[in-house]
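See structure below.
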Amino acid sequence: MKKFAAFLLAALTALTAASCSAEAENTGGSAAADDSWDKIVEKGQVVMGMDDAFPPMGYTDTETGELVGFDIDVATEVFRRLDVELKLQPIEWNTKEMELDGGNVDLLWNGYSYTEERDEKQTLSNPYMKNNQVIMVQAESSYQTLEDLAGKSLGVQADSSAESALNSEDAKEFKDSLSEIIPVDDYSKAVLEIQNGLIDAIAIDEVVARFYLTNDPGAYRILENDDGTVISLAVEDYVIGFRQGDEALCQKVNDTLKEMKADGTLAEISEKWFGEDVTTIEA
């Protein structure tokens, strides 16, 4: 957890995401010009698109069958304060933008990473957490570096941030060195495939990797540099995705998150899931 806190506190990247609040300022308050929030109020419900196998941000508890997670707890409190019913809608994550644009969900909130492409096509919230894309292997394996995985297989979730990181120019040498890149449906299945020896490693969000490390001690580990920091394919921010132009809805969520940061509620939820406040929202 100390290493997890270190990477969250480190100023490793400076993104220039145009959040809904920034858009509103630049257009003289355009967030009030659209009817996205009015539509939510009228139907009394907001539908949140999510991946139900992305712990600890949002996932199905195998014992209770309930959808739980950090993002779910935060979203539940946000819309409780806004007096709107929250409907959790698990979706195929590789079709998430289609679900959003088609009106099947009102927002995407489940470890949703900022990218320039998403910023161009959607209205995005303020960043609320940082994350690394890392490599996870069996604890007992001999792999220590990216070079050690040359000629090996790597599991990657389709249309994930890990896939985007792997396809970047910075990771080209590593990607080209692999013998096979294997698509995986979700991370819960991917970690089982590591244990069963079907794949050698997976590219995965650090917050998810640390969940598995905590819940199954001694089974997995993350590749690290000599100084103990994680080997990162990419550093990113988590945001909430809204349909392009739905600035009023985005602004309501942004403002409520700031309130929760100011009164300590956001810190309480973070401490429940991570043992400390790892959120990056400014009150």
Side-chain angles (χ1 to χ4, degrees), residues 13-40 43 46-52 54 57-58 71 74-75 78-79 86-133 156-171 183 186 203 205 207 233-257 280-281:
T13 184
L15 295 174
T16 55
S19 70
C20 54
S21 58
E23 291 173 9
E25 292 172 1
N26 292 338
T27 57
S30 64
D34 72 85
D35 61 354
S36 57
W37 173 243
D38 294 335
K39 288 180 179 179
I40 295 297
K43 69 178 182 178
V46 62
V47 182
M48 179 175 125
M50 58 167 291
D51 179 351
D52 62 359
F54 195 78
M57 310 307 282
D71 279 343
V74 175
V78 165
F79 290 106
L86 173 65
K87 178 182 178 181
L88 302 174
Q89 183 60 61
I91 57 177
E92 291 293 331
W93 202 239
N94 60 352
T95 63
K96 54 190 173 293
E97 282 82 11
M98 293 175 58
E99 296 280 356
L100 181 64
D101 293 340
N104 297 325
V105 300
D106 298 308
L107 54 96
L108 300 172
W109 191 348
N110 199 188
Y112 192 59
S113 303
Y114 170 88
T115 67
E116 291 183 359
E117 181 180 5
R118 288 171 180 171
D119 193 30
E120 292 175 357
K121 296 181 178 180
Q122 299 168 16
T123 292
L124 302 178
S125 74
N126 291 336
Y128 64 91
M129 185 185 291
K130 286 194 179 294
N131 177 59
N132 278 301
Q133 291 300 328
V156 181
Q157 186 180 31
D159 199 34
S160 66
S161 297
E163 183 180 56
S164 297
L166 191 63
N167 289 331
S168 69
E169 188 63 30
D170 290 341
D186 59 60
D205 294 62
V207 293
L233 298 180
V235 185
E236 60 195 9
D237 283 312
Y238 281 157
V239 295
I240 307 159
F242 302 83
R243 277 183 290 275
Q244 191 173 54
D246 281 6
E247 296 172 7
L249 173 57
C250 175
Q251 190 65 56
K252 284 288 185 180
V253 173
N254 259 355
D255 290 345
T256 307
L257 286 173
T280 57
I281 287 282

If you compare all heavy atoms of [X] against all heavy atoms of [Y], which two are closest, and at what distance to 0.1 Å?
X      : Y      : result
Ala158 : Glu163 : C-OE1, 3.8 Å
Gly49  : Trp93  : O-CZ3, 4.2 Å
Tyr112 : Ile240 : CD2-C, 4.4 Å
Ser125 : Cys250 : CA-SG, 3.8 Å
Pro90  : Asp52  : CB-OD2, 3.8 Å

Mind telling me whether Tyr238 and Tyr128 have parallel, tilted or perpendicular rings, with 30° and 60° as the class edges? tilted
Distance only, no hydrogens: is a donor on one side chain within 3.5 Å (strictly under) of an acceptor on the other, for Asn110 and Asp51?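 Looking only at side-chain atoms, Asp51 and Asn110 do not form any donor-acceptor pair under 3.5 Å.
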Can you tell me how far [atom2] of [Y] sits from [atom1] of [X], rounded to the nearest 0.5 angstrom?
X      : Y      : atom1 : atom2 : answer
Ser160 : Asn94  : OG    : CG    : 10.0 Å
Ser113 : Gln133 : OG    : CD    : 6.0 Å
Phe242 : Gln122 : CZ    : CD    : 10.0 Å
Ile91  : Met48  : CD1   : CE    : 10.0 Å
Tyr114 : Asn126 : OH    : CG    : 12.5 Å
Ile281 : Asn254 : CD1   : CG    : 6.0 Å

Salt bridge flag under 4.0 Å for residues Asp246 and Lys39: no
Between Arg243 and Asp34, does any side-chain N to carboxylate O distance fall below 4.0 Å? no
Donor-acceptor check, side chain of [X] to backbone of [Y], threshold 3.5 angstrom: yes or no?
X      : Y      : result
Asp205 : Asn131 : no
Thr123 : Gly245 : yes
Lys252 : Leu249 : no
Glu120 : Thr115 : no

Could I get the full list of salt bridge (charged side-chain N to carboxylate O under 4.0 Å, His left out) partners for Glu97, not counting sequence neighbours? Arg118
Report yes if the side chains of Met57 and Met129 come closer than 4.5 Å at any heavy-atom pair, otherwise no. yes
Lys96: which of Asp101, Asn104, Asp159 passes side-chain hydrogen bond (donor to acceptor under 3.5 Å, both in side chains):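 Only one of Asp101, Asn104, Asp159 forms a side-chain hydrogen bond (donor to acceptor under 3.5 Å, both in side chains) with Lys96, namely Asp159.
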